[in-house]
Each structure stands twice: as structure tokens, then as C-alpha cells.
Chemist: 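Just dropping this structure here.
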Protein chains: 4
Amino acid sequence: MNTIGHIFRLTTFGESHGTAIGGVIDGCPSQLKLDFDFIDSELLRRKTAQSSTASQRKEPDQIEWLSGLLDGVALGTPIAFMVRNVDCKPEDYEALKDVYRPSHADFTYEQKYGLRDWRGGGRASARTTLPIVVAGAIAKQLLKEKGIRVIAKVTVMGDAERARREGDTVGGIVECRIMGVPAGLGEPMFGKFSAELAHAMFSLPAVKGFEVGDGFALAGMKGSEANDTYINKEGKITTATNHSGGIQGGITNGNDVVFRVAFKPIPSLAQPQQTVNRAGETCQIAIGGRHDVCALPRAVVLVEALAAMVTVDMGMMQG
Amino acid sequence: MNTIGHIFRLTTFGESHGTAIGGVIDGCPSQLKLDFDFIDSELLRRKTAQSSTASQRKEPDQIEWLSGLLDGVALGTPIAFMVRNVDCKPEDYEALKDVYRPSHADFTYEQKYGLRDWRGGGRASARTTLPIVVAGAIAKQLLKEKGIRVIAKVTVMGDAERARREGDTVGGIVECRIMGVPAGLGEPMFGKFSAELAHAMFSLPAVKGFEVGDGFALAGMKGSEANDTYINKEGKITTATNHSGGIQGGITNGNDVVFRVAFKPIPSLAQPQQTVNRAGETCQIAIGGRHDVCALPRAVVLVEALAAMVTVDMGMMQG
Amino acid sequence: MNTIGHIFRLTTFGESHGTAIGGVIDGCPSQLKLDFDFIDSELLRRKTAQSSTASQRKEPDQIEWLSGLLDGVALGTPIAFMVRNVDCKPEDYEALKDVYRPSHADFTYEQKYGLRDWRGGGRASARTTLPIVVAGAIAKQLLKEKGIRVIAKVTVMGDAERARREGDTVGGIVECRIMGVPAGLGEPMFGKFSAELAHAMFSLPAVKGFEVGDGFALAGMKGSEANDTYINKEGKITTATNHSGGIQGGITNGNDVVFRVAFKPIPSLAQPQQTVNRAGETCQIAIGGRHDVCALPRAVVLVEALAAMVTVDMGMMQG
Amino acid sequence: MNTIGHIFRLTTFGESHGTAIGGVIDGCPSQLKLDFDFIDSELLRRKTAQSSTASQRKEPDQIEWLSGLLDGVALGTPIAFMVRNVDCKPEDYEALKDVYRPSHADFTYEQKYGLRDWRGGGRASARTTLPIVVAGAIAKQLLKEKGIRVIAKVTVMGDAERARREGDTVGGIVECRIMGVPAGLGEPMFGKFSAELAHAMFSLPAVKGFEVGDGFALAGMKGSEANDTYINKEGKITTATNHSGGIQGGITNGNDVVFRVAFKPIPSLAQPQQTVNRAGETCQIAIGGRHDVCALPRAVVLVEALAAMVTVDMGMMQG
């Protein structure tokens with residue numbers, strides 16, 4: 001279950017403080033000349049330390065391409081890549097080895113696996129999303145050829161500067177728009193375009209909500225307000241409004257696909273928190289380390305990446 | 001893509017006005033003695049015509065069991081079942097054959113497949129959710145043996161009686177709680193418990209939003225408000241609050257799993273609506289037929305069914 | 001694990017003496033007008049009682065189409081179908097209820113599931129291959145549009161008439177040829193065209209061997225004898241010989257795909273055999289019932305059907 | 001399609017002369033302490049240059065573990081590993097860049113992908129089987145804990161020394177035995193134990209035949225000769241003979257699983273061969289490079305590895 005996608009598939013691996021983080025992309029069309037500059041620029045968008053809201057870890061994020069390419073052109077075989085973990089400071093986490101950080105995955109990983117990699121969050125670290133950006137950049141390149149664009153932005157975010165001063169963190173909402181997607185994508189029963197998007201977005205750390213079009217607001221509307229009337233716009237059938245977010249019956253209708261993703265605040269707080277340790281004893285922790293105050297700025301490129309991957313994959317499913 | 005689940009799997013088939021609606025359950029443990037009364041009672045909860053908000057179609061919903069059972073006991077082989085479509089009135093839909101009903105799947109199905117079953121919504125009809133109730137009832141039976149319960153309820157719903165008078169419809173929100181689920185279920189990367197739930201819920205018609213725990217509200221909270229502190233409760237480690245909805249890092253923490261699903265209003269309105277037909281000509285429609293004013297009352301059992309199926313499946317994945 | 005295929009997928013259900021045998025085809029292209037006469041003629045090829053080698057069970061094999069079709073045209077949604085089991089004589093098997101028939105699946109099913117459907121072999125009966133013929137016929141129709149033909153024949157078979165007199169049974173070999181298949185089908189690593197064929201053929205009851213091209217004979221050849229030299233035949237690159245059976249590196253090379261399937265003799269003998277019962281006591285059985293002396297004649301259409309399904313599926317994978 | 005397995009899964013990547021060859025193992029149970037010495041010893045069995053039949057390429061085969069381990073113990077997360085390709089001599093292959101080597105995958109890869117990695121066979125090189133040995137060694141370790149052993153040997157092989165002198169190559173047969181496998185493994189319809197084995201073995205380069213138990217010989221036997229009589233052996237039900245190779249109805253019966261795999265001769269010949277180039281012109285080639293005369297000695301560990309992986313996976317499927 002470390003694989004996403006049906007035809008355009010990404011398998012990821014890696015722990016925050018292990019040897020490397022990486023991925024294997026299976027199903028990338030052969031003969032695509034990879035745009036490495038674009039991939040690097042996308043990675044830069046995700047990179048930490050780029051702003052006042054982000055953590056201080058220095059990650060060079062230098063990708064090493066391991067397979068699937070000949071002179072930068074996709075062979076049709078699996079494209080494997082990795083980034084080594086350097087600037088690791090496991091000693092920062094030594095004190096947390098036996099403590100369950102509130103709203104982190106420490107406790108649940110231990111319950112699941114009987115052990116956990118306590119160094120920097122291990123597999124649950126946000127750092128493990130790096131391969132998504134790489135696969136997403138390639139997906140965007142494939143979409144660009146078809147005139148499809150994916151653009152996300154932060155629409156809601158708490159007061160990050162104040163939170164930093166208080167040793168606190170904030171959450172927020174990212175809104176994403178897929179433009180130029182053709183009608184007819186998505187499988188109607190258990191592979192709806194919306195369901196695939198939801199599944200992808202909930203794969204990101206800290207995601208707690210997802211809605212398409214007017215989403216939760218539709219629950220309070222009447223049908224006469226919520227319905228999107230079909231119109232004939234210069235010979236092309238489209239809808240006058242887009243409450244549905246471009247998806248009806250699970251299938252794209254040719255309008256922009258619009259959705260929103262809610263992120264909870266980052267659970268690592270500089271201020272003291274109470275919790276228990278492995279022995280069940282109550283204790284206090286204040287998480288030093290190098291952590292973001294808010295995940296939103298770097299979540300934007302992740303949301304876009306997964307949206308692009310889903311769109312490519314659903315396009316391939318449609319043949 | 002008409003199959004859901006990894007080990008406990010349901011494949012569904014059927015159009016609203018075709019010969020039959022049914023499913024094949026693969027992965028049900030052998031030796032389970034099916035509780036047919038319970039299955040029937042669950043189907044009754046979904047059934048139309050049971051209340052003032054629901055449509056008038058008479059569906060006997062008599063299940064015919066086709067395979068996988070010997071004297072009502074599961075053989076371990078696929079359990080196939082079906083319900084014949086009777087009381088079909090395709091003539092009710094004759095007038096809609098060439099018209100794209102607003103916010104319905106008519107247009108998108110045609111874009112995808114080049115044709116569509118215009119009789120009663122075809123595969124996009126809410127009637128095709130019937131097999132989910134059957135599989136869900138079996139899943140609940142399996143969960144009951146382990147002390148796990150799944151209970152949903154409508155928490156938000158528009159004014160149905162008024163809407164009916166106005167030829168309008170309403171949407172709403174269903175909240176669901178999975179109680180007694182052990183810690184450790186869910187795969188951490190691309191098969192998070194939350195992601196599997198989201199995917200399942202977005203498989204239901206009219207779903208436009210999904211959130212876990214405090215969901216979208218978390219986007220506006222600070223980490224110090226949102227975090228669930230671990231406590232030692234009579235020797236058992238649990239959390240003092242449940243903002244996370246029982247899921248951290250994608251894995252259950254032993255608390256109740258809590259989530260909400262937003263449904264848009266049913267798009268079939270008795271009042272006149274403007275739209276276009278296949279030729280691209282503007283036209284007016286008023287949908288007669290036998291339709292619900294609100295899908296919420298029957299959505300409750302569907303939400304429970306899918307939640308039960310996901311829980312069983314994730315439990316089997318965990319081994 | 002009752003599903004075969006990646007995009008063109010068949011899920012089957014049913015026990016020999018249960019209510020019905022059937023299948024669900026997912027991934028059949030929409031707008032295909034099904035050739036029901038052809039499907040019936042293929043079913044007739046599989047049907048029992050058609051020759052001196054086959055059993056006496058009267059099976060009308062009347063297909064009931066349950067979904068996925070509108071006026072005989074594929075909607076793109078799952079095509080479900082079934083055949084009711086009539087002329088069942090479970091009493092023929094009553095005596096075998098607690099006995100493990102030699103080289104049958106009685107013992108292994110019980111070990112796996114803790115119980116088994118003792119009526120006529122249950123899920124392990126050859127009757128459960130019926131849905132394969134239906135899906136195969138549809139696959140052949142799809143291939144025909146592309147000029148691809150699949151033809152199998154019995155090349156080795158024991159002396160059936162003598163075996164019948166002696167209360168014995170015989171095995172044999174079916175050779176199959178896929179003609180007109182384009183070069184480039186098959187996935188090179190874990191989805192080789194040959195591997196997919198092998199997997200499909202071993203899904204048939206009684207199959208114990210599979211080889212491609214010169215197969216096992218290649219093990220005794222030198223490279224200079226076994227290699228297929230490339231030649232330019234009127235502007236088209238092909239091979240002078242076809243020791244490889246049309247597959248190199250797991251991918252079709254444009255030549256005929258040729259393979260052979262070895263079937264063991266049917267294990268149900270009229271002559272007495274020694275075995276043990278559930279209590280572990282030695283006992284003698286002579287299997288009456290209505291059984292074939294040789295499975296080969298009806299295996300031909302099954303081999304063709306699965307070969308056609310694999311070819312369609314691999315074609316869809318190639319896009 | 002570079003992934004094998006359902007729960008215990010291996011995804012491989014890499015071309016012969018690319019940066020690295022590697023794999024990602026998903027589904028390895030957490031808390032397993034990897035036996036690195038055993039893995040290395042298995043790799044040594046596959047390594048080239050170990051004998052007179054093998055090629056001269058020096059491969060250090062030094063594994064670098066990238067993820068999924070903490071102090072050598074499996075975390076339950078994906079175990080990624082790789083071996084860098086050193087001692088690459090792409091210039092050896094420069095002359096073959098535009099030529100289709102007989103019975104190699106050059107032509108078929110080009111037909112499939114529109115381009116190919118001409119350096120040393122690229123993805124089709126036998127070198128890409130290295131990750132299978134690693135995953136197989138881990139699978140064997142898991143089986144050992146349950147008292148299951150997998151042992152293969154060469155039973156048929158041509159005269160390698162004579163072939164070398166003649167610039168020729170030879171094929172052969174590997175027989176494998178899985179001992180101690182419990183009854184009840186394998187899925188009865190489309191995931192038969194035999195079908196899964198067949199699929200796995202045909203994933204190896206040069207495999208052209210596969211048979212279980214007496215295999216093709218069963219085609220010429222009578223039922224009374226081929227049947228395996230059940231007996232009570234000191235309180236345990238087993239069979240007196242093992243013509244079935246331990247599998248009945250696709251499910252293991254507790255006896256040794258026995259199968260054979262036929263390998264064609266290596267197609268790279270030192271002696272001159274005629275073929276055509278990309279332009280369709282007839283030409284002669286004599287393949288220098290560093291190639292084996294016979295793949296059989298190193299195929300033994302590969303056959304064992306895949307057999308072990310299938311057994312582990314089917315065991316996990318059984319729960």
C-alpha cells in the first residue's frame with residue numbers, strides 16, 4: 001500500500017532519517033523528454049526553509065535518477081529516483097524515542113507495527129512527500145501537452161507569525177483548480193474522479209477534509225440553487241454555473257475541476273504539551289527540532305502534484 | 001472499476017431499469033452463517049417509499065442468492081446475489097432520452113461512453129447502491145463478532161416538506177461513528193484509513209464533501225487547540241479529546257473513528273428547469289417520475305455499509 | 001481472487017450445484033454490439049454431452065443477461081450474466097460427501113475453507129468455466145475487428161473409447177495459435193505476454209503444463225538451433241523461424257503466438273479406487289455421476305477463450 | 001507491471017547499464033531481523049563469473065539499503081535497495097545499437113516503446129533479475145520460520161563446454177521442490193498456486209515451459225495411473241504418490257510442491273548470425289561482450305527465489 005495509481009503509478013519509499021527518500025514511477029509513456037528544470041523548480045516549491053512559516057532543516061533535495069531514462073528520455077520502463085537524507089539530526093529526536101507526541105503518528109505506528117522509526121517521524125514525516133512532487137511534475141508535463149493545467153493556492157490560513165511567537169502552529173485550506181480537463185474522465189462506480197482525488201488528497205499528512213465544487217455548502221442548499229444548468233456556449237455544451245466542481249456522476253463534465261483540502265495545524269509545538277510515554281507515565285514535552293509553523297505553503301505543490309497524477313491516470317484509464 | 005476493497009471486495013453490476021441489480025462479494029471468510037434477517041432489515045432502511053421524503057417507486061428488493069453459500073453458510077467462494085428490477089417504468093424517462101438533466105450524469109456518461117442508458121438514470125441511479133447495503137450488512141456481521149459497531153445519523157438536512165411543496169429538493173450531512181475499532185488499522189502512505197473511507201464515501205451518488213474528526217474546522221484552529229493529548233486511562237493509553245477523529249498518520253488510534261459526509265440536493269426537480277438537449281438546443285424540463293426530495297434518510301445505511309466494509313477490509317489487510 | 005485481467009476483467013461466481021453460474025465483465029468497450037449467436041455457438045462447443053468422450057449431464061446453458069447492455073449494445077458498464085443450474089442431481093454426490101476423491105480438490109478445499117460444497121465438485125467443478133467461454137467470445141469479437149484470430153486444437157489425446165470401457169480416463173494436449181497479433185504487446189517484467197498466458201491457462205481445471213513456442217524442447221537445443229533469425233519479408237521485419245512462439249523478452253514480435261497446454265486425465269473414474277474419508281478411514285469409491293472420459297474436446301474452446309481475453313487485455317494495456 | 005505479488009510485493013527497476021538496479025519490497029512483516037549474510041550468499045549464487053559456464057562481467061553486487069530498516073530490523077514500511085551498475089562497458093554494445101539480435105528483445109522493445117536502451121540489453125538484461133534474489137532471500141527467511149524450504153537444481157542441461165568452443169549456447173531445465181508447505185494455500189479460481197508459480201517463473205528471461213508434478217507426461221497417462229490415492233499415514237492424511245506435484249484444484253495438499261521450468265539457450269552467440277538492422281538491411285553479427293554460455297546455473301537461485309516469494313504471498317493471502 002505504498003503505491004498510488006492504476007496505470008500511471010507511483011511507489012514511494014523512505015523514512016525521514018533513513019538513507020534515502022525515493023520513488024518508482026511505473027507507466028510513464030516512453031519517449032517523454034523529462035524537463036528536469038521544471039522538476040527542480042517544483043521541488044523548490046516544496047522545500048523547507050524557503051519562508052518564515054517553514055522549518056529550518058537544510059535539504060539539498062538533489063535527485064539522483066536511478067533508472068528508466070536514456071539521455072533524459074523515458075524508456076517506458078520504471079523511472080526510479082531518490083534523494084539522500086543529509087543534515088539528519090537523529091539526536092534531536094532521541095528524547096522523543098519513548099514518548100507519544102500528541103496528534104502525531106508515533107502511537108499508531110507502534111500499535112500497527114510493534115516498533116517505529118523514532119528518528120524525525122520516520123515514514124510519517126512530511127519529508128516522505130518529496131517523491132510525490134517529482135511524479136507530479138512529470139504528470140504536469142504530460143498534461144501540459146494536452147493543454148491541461150493544475151493550479152492550487154492557499155485560501156485559508158491561520159496567523160503564522162503570531163503562532164510562531166507563541167510556540168504554536170496553524171492549519172488552513174488549499175483550493176485547487178484543474179483547467180482544460182476533457183469531459184468523460186473518471187469511472188462511475190468505485191473510481192469516480194472525485195473519489196480518486198479524495199483518496200489522493202487524504203494520502204497527504206495532516207489532511208482532515210476534502211470537498212468538490214461547493215462541497216459542504218451544498219448540504220445547505222436547495223436543488224434549484226445547487227443545480228448547474230446546461231447551456232450551449234458557442235456550439236459547446238457546458239454549464240452556466242459550476243457548483244458541481246466539474247464532476248457529475250463521478251465523471252468530469254469539461255468544466256474546471258475545483259476542490260478544497262483542509263489541513264489541521266502541524267502537531268509539533270514548541271510550547272509544552274502533556275502526553276504519556278511508552279510506559280504509560282504522564283510527561284511533558286516541548287518539541288524543539290526544526291519544524292514548520294504551518295504546512296500550507298508547501299502543501300500547495302503537493303496538492304497540485306497529486307491532482308495532476310490523478311488526472312493523468314484517469315486519462316489513461318479512459319484510453 | 002466497479003470493484004471496491006482489497007481483500008474483502010465487492011463488485012457491483014446493474015442499471016436502474018435493466019434486468020437486475022447485484023453484486024459479487026469476494027473474500028468473505030468461509031463458515032460465516034449469514035444473518036438474512038439482518039440483511040433484509042438493512043435493505044429496508046435503504047428502501048424507497050418508507051417516508052415522506054422519499055420517492056414512490058415500489059421496490060420489493062427481494063434478494064436472490066446465486067452462489068457462495070451452502071445452507072446459508074459462506075463457502076469462501078464468491079457470494080453473488082441480485083435483485084430483479086420490477087415496477088420499471090421506462091416510459092417515464094422517454095421524454096428525457098435526449099435531454100441533459102442539470103447536475104445529473106446524463107451528459108458525462110454520454111461523453112465517456114458515447115451512449116447511455118437513459119432509463120431511470122441507468123448505472124448512475126441511486127438504485128445501484130443496493131448491493132452496497134448487502135455487502136455492508138455482511139461486513140457489520142463480521143465486525144459485530146469483534147465488538148465493532150458502525151452508527152450513522154443525519155446531522156444536517158434542509159426543510160424537506162417545504163421543498164416538496166415547492167418542487168424542490170434538499171441536501172444534508174451524515175455523521176458516522178465507528179466504535180470499538182482497534183488501534184493500528186490503515187496503511188500509512190496510500191491506503192490511510194481516512195483515505196480509504198474518503199474513497200468509499202465519494203463512491204456514493206451526490207457526495208461532495210468528506211471530513212474526519214473536526215475536519216474543515218481544524219483549518220481554523222491552532223495546534224494547541226487541535227492536538228489530542230495522550231492520557232493513561234485505567235492502564236490503557238488513549239486520547240483526552242478526539243479532534244483527530246480516531247485517525248493519526250492515517251492509522252486508527254483506538255478511539256472512535258468519526259467522520260461526516262456532505263450530500264448535495266437531489267438534482268431531479270419537479271419544478272421547471274432550463275437545460276439543453278443532445279442537439280444543443282435550449283429546452284425546459286420538469287422531472288416527474290418517482291424521486292426523493294432528499295437522499296439523506298436512505299444515505300445513512302449506505303454510509304454505515306461502506307464504513308463497515310472499509311473497516312473489515314483494513315482489518316484483513318492488517319492480518 | 002475470482003477475477004482475471006487488468007483492464008478487460010472477468011469476475012466469475014458459482015458452484016456446480018448452486019443456484020447459478022455466472023460472471024461480471026468489467027472493461028468491455030462501450031458501443032460494442034454483442035454477437036449473441038456467436039456466444040451461443042461458443043457455449044455449444046463447451047457443452048457436455050456433445051460427443052462420445054463427454055459426460056451425460058444435460059445443461060441447457062441458457063444465458064440470462066443481467067446488466068451492461070441496452071438493446072444488445074454494451075453500455076461500458078459491467079456486463080453481468082448467469083446460467084441457472086438445472087438438472088442438478090446432488091443425490092449422486094451424497095455418497096461422496098465425506099470421502100476425498102483422489103486427485104480431486106475435495107481435500108484441499110476442506111483444508112483451505114474448513115468446509116466444502118460436496119455437490120458435484122462445487123466451485124472446483126469444470127462447470128465453473130462456463131463464464132470464461134462467454135467472456136472469451138466477447139474478446140474474440142473485439143479481436144476480430146482488429147484482424148486477430150485465436151484457434152486451438154487437440155494435438156495429443158489418449159484412447160478415449162478404450163478408457164471408457166475400462167472405467168478409466170485420459171489426458172492430452174491442446175495447442176493454440178493467436179494469429180495477427182501486433183508486435184509490442186506484453187509488459188516486459190512481471191506481465192510478460194507469456195506469463196499472462198501461463199497464468200490464464202493454469203486457471204483451467206486439470207492443467208499441469210504450459211509451454212510457448214518450442215517450449216521444453218528448447219531446453220535440449222543449442223542457441224544456433226533455437227534462435228529465430230530476423231528477416232526482411234517484403235519490407236516487413238519478421239523472423240524466418242518461430243521457435244520463440246511469437247514472444248521475445250515477454251513481448252509479442254508480430255509472429256503467431258503459439259503455445260501448448262497439458263491436461264491431466266479427469267480424476268473421476270468409474271473403476272474402483274482406494275482413498276480415505278474425513279475420519280481418516282480407508283475406503284473404496286467408484287464414481288458414478290455423469291462425467292467425461294476426457295476433458296480435451298471441451299478444453300479447446302476454453303483455451304481459446306482465455307487466450308483471447310489475455311490478448312484483448314494486453315492490447316488495452318498497450319493503449 | 002513491474003510489480004509482483006499481492007501482499008508480499010516486489011517492484012523492480014533498472015537497466016543493465018543504467019545507474020542502478022534495485023527493488024522495493026512492500027508487505028514484509030515488521031520486526032523481521034534481516035539476515036544480510038544469507039542475502040549476500042544468495043546473491044553470490046546468482047553472480048556471474050562464478051563458473052566456466054558464466055560470463056566474465058565483474059559485478060560487485062554490493063547492496064545499498066535505502067529504507068524500511070532500523071538497525072537491520074524491518075519497520076513494516078517499504079524496503080528499498082539498489083546495486084549500482086559498475087564495470088559497464090556500453091561501448092561493447094555500440095555496434096549493436098541499430099541491429100536486432102536474433103531471439104533477443106531488441107526488436108520487441110522497439111516495437112513496444114518506440115525506443116530502447118541498447119546498452120547491454122537494457123531492461124531485458126538478465127542483470128535485472130538481481131532484485132528477485134534479494135526479495136527471495138527475505139521470503140526464504142520468512143518461510144524458514146515456518147519450517148518451509150525451497151530447493152531447486154538443474155536436471156537437464158546441454159554440453160556447455162562444447163558449446164563454448166563452438167561459439168554456441170545451451171538451454172536446460174530446473175526442477176524445484178517446496179517442502180513443508182501447509183495444505184490450503186492457493187486461491188481456487190484465478191489465483192491457483194500453480195498459476196501464480198507459472199506466472200512468476202515466466203517472468204524470468206528465457207523461460208519457455210513450466211509444468212507441475214508429472215506435467216506434460218500426465219497428458220499421456222490414464223486416470224488410474226495419474227491419480228494420487230489418499231492414505232492415512234500415522235494419523236495424517238496425505239497421498240501415496242505425488243503425480244499432482246502437491247497441488248489439487250489449484251490448492252496445496254500438504255505434499256511437496258514440485259515443478260519444472262524450461263529455459264531456452266541464451267540467444268547471444270559468439271558465432272556469426274544473420275539478422276537485419278533497423279533499416280531492414282540484412283547483416284551479420286557475432287556477439288562479443290561478456291555473456292554466459294548457459295543461464296541454468298544462475299537460474300537455480302532465481303527459481304527458488306520466486307517460488308519462495310509466491311509461497312509467502314499465498315500464505316499471507318490465506319491469512
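What you see is a predicted model; the values in this text were computed from it and never measured. Proteins get letters first, then strands, A, B, ... in listed order; numbering begins at 1 in each.
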Chemist: Quick one: does any side-chain atom of C:Thr108 pair with a main-chain N or O of D:Gln248 as donor and acceptor, under 3.5 Å?
Modeler: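 Flag set: sc C:Thr108 to bb D:Gln248 pair under 3.5 Å.
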Chemist: Going from OG1 on D:Thr169 to CD on C:Glu225, what distance comes out if it is rounded to the nearest 0.5 angstrom?
Modeler: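 It comes to 9.5 Å.
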Chemist: What part of D:Phe259 is in contact with chain C, defined as an atom under 4.5 angstrom from a non-hydrogen atom: side chain, backbone, both or neither?
Modeler: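 No part of it gets close to chain C.
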Chemist: Donor-acceptor pair, C:Lys222 side chain versus D:Asp168 backbone, under 3.5 Å?
Modeler: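 Between the backbone of D:Asp168 and the side chain of C:Lys222 there is no qualifying donor-acceptor contact (under 3.5 Å).
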Chemist: Are side-chain heavy atoms of C:Ser103 and D:His243 found at a separation under 4.5 Å?
Modeler: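 Counting from C-beta outward, C:Ser103 and D:His243 never come under 4.5 Å.
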Chemist: Would you say C:Ser203 and D:Met189 make side-chain contact, with heavy atoms under 4.5 Å?
Modeler: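 No, side chains not in contact.
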Chemist: Got D:Ile132 and C:Phe190 here, is their nearest side-chain heavy-atom distance under 4.5 Å?
Modeler: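 Touching, per the 4.5 Å side-chain cut-off.
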Chemist: Among C:Lys236, C:His104, C:Arg260, which has the most heavy-atom pairs under 4.5 Å with chain D?
Modeler: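 When all of C:Lys236, C:His104, C:Arg260 are compared, C:His104 has the most.
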Chemist: Please give me the minimum heavy-atom distance between D:Asn253 and C:Phe107, naming the atom from each residue.
Modeler: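 The pair with the smallest heavy-atom distance is O-CE2, 3.5 Å.
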Chemist: By a 4.5 Å heavy-atom criterion (distance strictly below it), what part of C:Thr3 contacts chain D: side chain, backbone, both, or neither?
Modeler: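 When you check distances to chain D, only backbone atoms of C:Thr3 fall under 4.5 Å.
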Chemist: Go through C:Tyr109, C:Tyr100, C:Phe216, C:Tyr113 and name the one with the most non-hydrogen pairs under 4.5 angstrom from chain D.
Modeler: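 Result: the option with the highest number of such pairs is C:Phe216.
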Chemist: Which bit of C:Ala226 comes within less than 4.5 Å of chain D, counting heavy atoms only: side chain, backbone, both or neither?
Modeler: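 Both the backbone and the side chain of C:Ala226 come within 4.5 Å of chain D.
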Chemist: Which atoms of C:Gln274 come close to chain D, meaning under 4.5 Å heavy atom to heavy atom: side chain ones, backbone ones, both, or neither?
Modeler: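 Contact with chain D: backbone and side chain both.
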Chemist: Which residue out of D:Ala262, D:Gly158, D:Ala195 racks up the most heavy-atom pairs below 4.5 Å with chain C?
Modeler: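 The option with the most such pairs is D:Ala195.
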Chemist: Considering only heavy atoms, which portion of D:Ser224 lies under 4.5 Å from any heavy atom of chain C: side chain, backbone, both, or neither?
Modeler: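 For D:Ser224, backbone and side chain are both near chain C.
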Chemist: For the residue pair C:His199 and D:His199, does the interplanar ring angle fall in the parallel (under 30°), tilted (30 to 60°) or perpendicular (over 60°) class?
Modeler: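 Perpendicular.
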Chemist: Working to the nearest 0.5 angstrom, can you tell me the gap between C:Ile237 CD1 and D:Arg278 CZ?
Modeler: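 Reported value, rounded in 0.5 Å steps: 10.0 Å.
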Chemist: Can you say whether D:Ile247 sits under 4.5 Å from chain C via the side chain, the backbone, both, or neither, judging by heavy atoms?
Modeler: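 When you check distances to chain C, atoms from both the backbone and side chain of D:Ile247 fall under 4.5 Å.
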Chemist: Identify which of D:Gly249, D:Gly280, D:Ala219 forms the greatest number of heavy-atom pairs closer than 4.5 Å to chain C.
Modeler: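 Option with the greatest count: D:Ala219.
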Chemist: Distance alone, cut at 3.5 Å: any donor-acceptor contact between the side chains of D:Gln273 and C:Asn227?
Modeler: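 Side-chain D/A pair, D:Gln273 to C:Asn227: present.
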Chemist: At a 4.5 Å cut-off on heavy atoms, which part of C:Asn277 comes close to chain D: side chain, backbone, both, or neither?
Modeler: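 Answer is backbone: N, CA, C or O of C:Asn277 sit under 4.5 Å from chain D.
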Chemist: I'd like to verify something: which residue of D:Gly223, D:Gly245, D:Ala183 has the highest number of heavy-atom pairs under 4.5 Å with chain C?
Modeler: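 That would be D:Gly223.
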Chemist: For chain C, which candidate among D:Glu281, D:Glu166, D:Glu110, D:Gln318 shows the most heavy-atom pairs at distances under 4.5 Å?
Modeler: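 When all of D:Glu281, D:Glu166, D:Glu110, D:Gln318 are compared, D:Gln318 has the most.
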Chemist: Counting only non-hydrogen atoms closer than 4.5 Å, does C:Leu269 touch chain D with its backbone (N, CA, C, O), its side chain (CB onward), both, or neither?
Modeler: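 Looking at C:Leu269, just its side chain touches chain D.
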Chemist: Is C:Lys112 reaching over with its side chain to a backbone N or O of D:Gly186, donor-acceptor style, under 3.5 angstrom?
Modeler: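 Yes, C:Lys112 side chain to D:Gly186 backbone: donor-acceptor pair under 3.5 Å.
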Chemist: Could you check which of D:Gly254, D:Gly191, D:Gly172 has the highest count of heavy-atom pairs closer than 4.5 Å to chain C?
Modeler: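 Top option by heavy-atom pairs under 4.5 Å: D:Gly172.
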Chemist: Can you find a heavy atom in the side chain of D:Glu211 that is under 4.5 Å from one in the side chain of C:Lys208?
Modeler: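 Not touching, per the 4.5 Å side-chain cut-off.
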Chemist: Does a side-chain heavy-atom distance below 4.5 Å link C:Tyr230 with D:Val99?
Modeler: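 When only atoms from C-beta onward are counted, D:Val99 and C:Tyr230 do not touch, as no gap falls below 4.5 Å.
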Chemist: Please identify, among C:Ala124, C:Ala198, C:Pro188, C:Ala105, the residue contributing the most non-hydrogen atom pairs under 4.5 Å to chain D.
Modeler: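 The answer is C:Pro188.
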Chemist: Quick check on the interface: out of C:Asp214, C:Leu218, C:Val156, C:Thr239, who has the most heavy-atom pairs with chain D under 4.5 Å?
Modeler: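 Most heavy-atom pairs under 4.5 Å with chain D: C:Leu218.
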Chemist: Parallel, tilted or perpendicular: which describes the rings of C:Phe202 and D:Phe210, with under 30° parallel and over 60° perpendicular?
Modeler: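 Rings of C:Phe202 and D:Phe210: perpendicular, as their planes differ by over 60°.
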Chemist: Out of D:Thr252, D:Asn2, D:Thr128, return the one with the most heavy atom pairs under 4.5 angstrom to chain C.
Modeler: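 Heavy-atom pair counts peak at D:Asn2.
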Chemist: To the nearest 0.5 Å, tell me how far D:Ser194 OG sits from C:Met201 CE.
Modeler: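 Here the rounded value is 13.5 Å.
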Chemist: Please tell me if the side chains of D:Met1 and C:Lys192 come closer than 4.5 Å, counting only heavy atoms from C-beta onward.
Modeler: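 No - every pair of side-chain heavy atoms lies 4.5 Å or more apart.
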